Amino acid sequence: MTAGARGGQVLSLDTLVRLRRALPTPGTPRGLPLPKGMTAPLGCDAVAVPARLGPLLRSRLPQMGCVYADETHWWWIVPADSDYALEWPAPARYATGATVPDAPAVPELIHKPDGTLPYTPPIPLFLALCRLTGTTPTWSRPVSA
């Protein structure tokens with residue numbers, strides 16, 4: 001008697017492979033989920049900073065969007081392509097698509113702005129991060145001929 005004859009579903013090898021690929025695996029980047037009611041008309045990226053810098057940045061920003069945190073990092077949601085012509089200073093990491101690589105779980109939302117837009121303005125975030133890390137923004141560096 002076959003599985004199909006007993007009423008069970010027979011899955012092809014292609015279906016099994018597709019199902020396996022859809023399962024999250026360790027190291028699979030996870031996207032930061034936007035809170036209900038938020039829209040992202042400009043797309044979403046994220047800037048990750050070590051958790052020790054999170055509260056320092058928070059106190060220096062006049063406006064914040066969605067911020068996520070776990071024990072090691074804070075992630076700030078910024079509009080997509082906020083890395084265009086900006087060299088985010090180390091130890092920050094820029095995450096295209098607001099993905100969190102190597103996180104065992106999705107970080108917790110610790111700040112949600114009023115309104116429907118999830119973004120932290122990228123230039124104030126960039127400048128505050130440069131100040132905290134002692135990095136001179138590229139547009140302020142001397143140009144040699």
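These numbers were taken from a predicted model, which means no experiment stands behind them.
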Without placing hydrogens or testing angles, list every side-chain donor-acceptor pair under 3.5 Å for residues 48-69, not counting sequence neighbours.
{"from": "Ser59", "atom 1": "OG", "to": "Leu56", "atom 2": "O", "distance (Å)": "2.9"}
{"from": "Tyr68", "atom 1": "OH", "to": "Pro33", "atom 2": "O", "distance (Å)": "2.3"}

Should Trp88 and Leu125 be marked as a side-chain contact (heavy atoms from CB on, under 4.5 Å) after you check the CA-CA gap, both sets of side-chain angles, and the distance that decides it? CA-CA 10 Å; Trp88 288 86; Leu125 177 62; 4.0 Å; yes
Residue pair Thr96 / Thr99: nearest heavy atoms and the distance that separates them: O-OG1, 3.4 Å
What donor-acceptor contacts under 3.5 angstrom involve side-chain atoms of residues 71-85, with partners at least two apart or in another chain?
{"from": "Thr72", "atom 1": "OG1", "to": "Asp70", "atom 2": "OD1", "distance (Å)": "3.1"}
{"from": "Ser82", "atom 1": "OG", "to": "Pro79", "atom 2": "O", "distance (Å)": "2.6"}

So, does Tyr94 use its side chain to make a donor-acceptor pair with the main chain of Leu86 at under 3.5 Å? no
Check against side-chain contact (heavy atoms from CB on, under 4.5 Å), Leu32 and Cys44: CA-CA 9 Å; Leu32 294 170; Cys44 283; over 6 Å; no
